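What you are looking at is a predicted structure, and each value in this text was computed from that prediction instead of being measured. Every chain is numbered from 1, with letters handed out A, B, ... down the list of sequences.
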Number of protein chains: 2
Amino acid sequence: MNRKQQIKPTESELEILQILWASGPATVRTVHEQLSQTKDTGYTTTLKLMQIMLEKQLLGREGSGKTHIYTALVNKEQAQGQMLQRMIETMFNGSAMKMVMQALGSHKASKAELDMIRAYLDQKTKS
Amino acid sequence: MNRKQQIKPTESELEILQILWASGPATVRTVHEQLSQTKDTGYTTTLKLMQIMLEKQLLGREGSGKTHIYTALVNKEQAQGQMLQRMIETMFNGSAMKMVMQALGSHKASKAELDMIRAYLDQKTKS
DNA sequence: GTTCATCTACGAAGTGTTTCGTATTCAAAT
DNA sequence: ATTTGAATACGAAACACTTCGTAGATGAAC
């Protein structure tokens, strides 16, 4: 998807996007079953949310007849990037570094993780 | 402040916290004037928000008589850390590394920034 | 073709957030 | 003491998001 517009899903919408990003296109039923593992809401709630997301063009759908199959219309990396970017701007004065340091500070990162980040940095510096 | 509870300010509340974090304790008037630079809402709106934040114990206040002086009761680093942590969990499968890579990927970090992050990593690995 | 389980559509209630108007209090200046 | 300008308190409207119940459609199984 190619949208200039800011992607700003609500929290519930984001949960649904996560599922679709992870599992690919799916029915309301499937999404609802996954959601049920962590929250306890009715089927029609999930349905309604996904219908609203369809209106907002966060999702697309196909399938005539009884059952519809929904697809995320927003790109995972793009959406994540935008949300991070907003966070960097509003909370860290636009400095990605501050955010990284904060992330690694409060989050107990494993040594392996730290090493991988270092490797990534090295590779990034070279180019 | 020392709270186990999750800090989850709304977007408007966060804007106010930003200002108090940056400027220190301040009156409603002062906060409102700063807010006015980016949004266009009435004075009583800001007042009401800050009163609600007082109830929620996001802010404290002092000053008897006419004017009150409000202070952020939540620690900036702690709040930022929690919000980042949530983001890492919900959007990056709990991997700080993925988030860092995404952040550094979409955000064009300068070489200086990268070096500082590396230095920070080194220091962190030692401990 | 009737029954049944399951799906969609949709209105509307419930809840949380934001906004503002109005009443009241306060203190400084007159 | 009265006036005045600015502050607080607070109810309530406006808005957004979440939740669910009910009605009606659909297709599979009988």
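Side-chain atoms of B/E55 and B/Q51 include no donor-acceptor pair closer than 3.5 Å.
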Please step through side-chain contact (heavy atoms from CB on, under 4.5 Å) for the pair A/R61 and A/M50, ending with a clear verdict. CA-CA 10 Å; A/R61 81 176 175 195; A/M50 291 175 75; over 6 Å; no
Could you give me the CA-CA distance, side-chain angles and deciding distance for B/E113 and A/V100, then say whether side-chain contact (heavy atoms from CB on, under 4.5 Å) is met? CA-CA 10 Å; B/E113 268 196 323; A/V100 168; over 6 Å; no
A/R29 vs A/Y43, side-chain contact (heavy atoms from CB on, under 4.5 Å): CA-CA, chis, key distance, verdict: CA-CA 7 Å; A/R29 173 69 48 196; A/Y43 173 83; 3.5 Å; yes
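Between B/T10 and C/dT18, a side-chain N or O to OP1/OP2 separation shorter than 4.0 Å is present. Dashed line: the shortest gap from a side-chain N or O of A/K39 to OP1 or OP2 of D/dT19 is under 4.0 Å. Between B/K48 and D/dA7, a side-chain N or O to OP1/OP2 separation shorter than 4.0 Å is absent. In terms of phosphate contacts, A/R61 brings no side-chain nitrogen or oxygen within less than 4.0 Å of OP1 or OP2 of C/dC7. OP1 and OP2 of C/dC7 both lie 4.0 Å or more from every side-chain N or O belonging to A/T67. Checking the phosphate oxygens (OP1, OP2) of C/dT6, no side-chain nitrogen or oxygen of A/R29 falls inside 4.0 Å. The shortest distance between the side-chain N/O atoms of A/T45 and the OP1/OP2 oxygens of D/dC20 is below 4.0 Å.
Between B/H68 atom NE2 and D/dA6 atom C1' the separation is 13 Å, expressed in whole Å. Rounded to an integer number of Å, the gap from OH of A/Y43 to C1' of D/dC20 is 14 Å. In this structure, A/M53 places its CE atom 13 Å from P of D/dT19, rounding to the nearest Å. If you measure from atom CD of A/E11 to atom P of D/dC17, you get 12 Å, rounded to the nearest angstrom. Rounded to a whole Å, the NZ atom of B/K8 is 13 Å from the C1' atom of D/dC17. Across the protein-nucleic acid pair, A/E55 atom CD and C/dA9 atom P stand 11 Å apart, rounded to whole Å. Between the CD atom of B/Q51 and the C1' atom of C/dG21 there is a distance of 14 Å, given to the nearest Å. Between the C1' atom of D/dC20 and the CE atom of A/M50 lies a distance of 17 Å, rounded to the nearest Å.
Interface remark: the A/K66 side chain does form a donor-acceptor pair with the C/dT6 base, using a distance-only criterion of under 3.5 Å.
Of the candidate nucleotides C/dT19, C/dT8, D/dT18, C/dT19 has the atom nearest to the side chain of B/S12. Here the nucleotide nearest the side chain of B/T41, chosen from D/dC17, C/dT19, D/dC20, is C/dT19.
Mapped onto DNA chain C by nearest heavy atom, B/L49 and B/T44 fall at different nucleotides, with B/L49 at the one closer to the 5' end.
Contact of the B/L121 side chain with the A/L121 side chain is registered, since non-hydrogen atoms from C-beta on lie closer than 4.5 Å.
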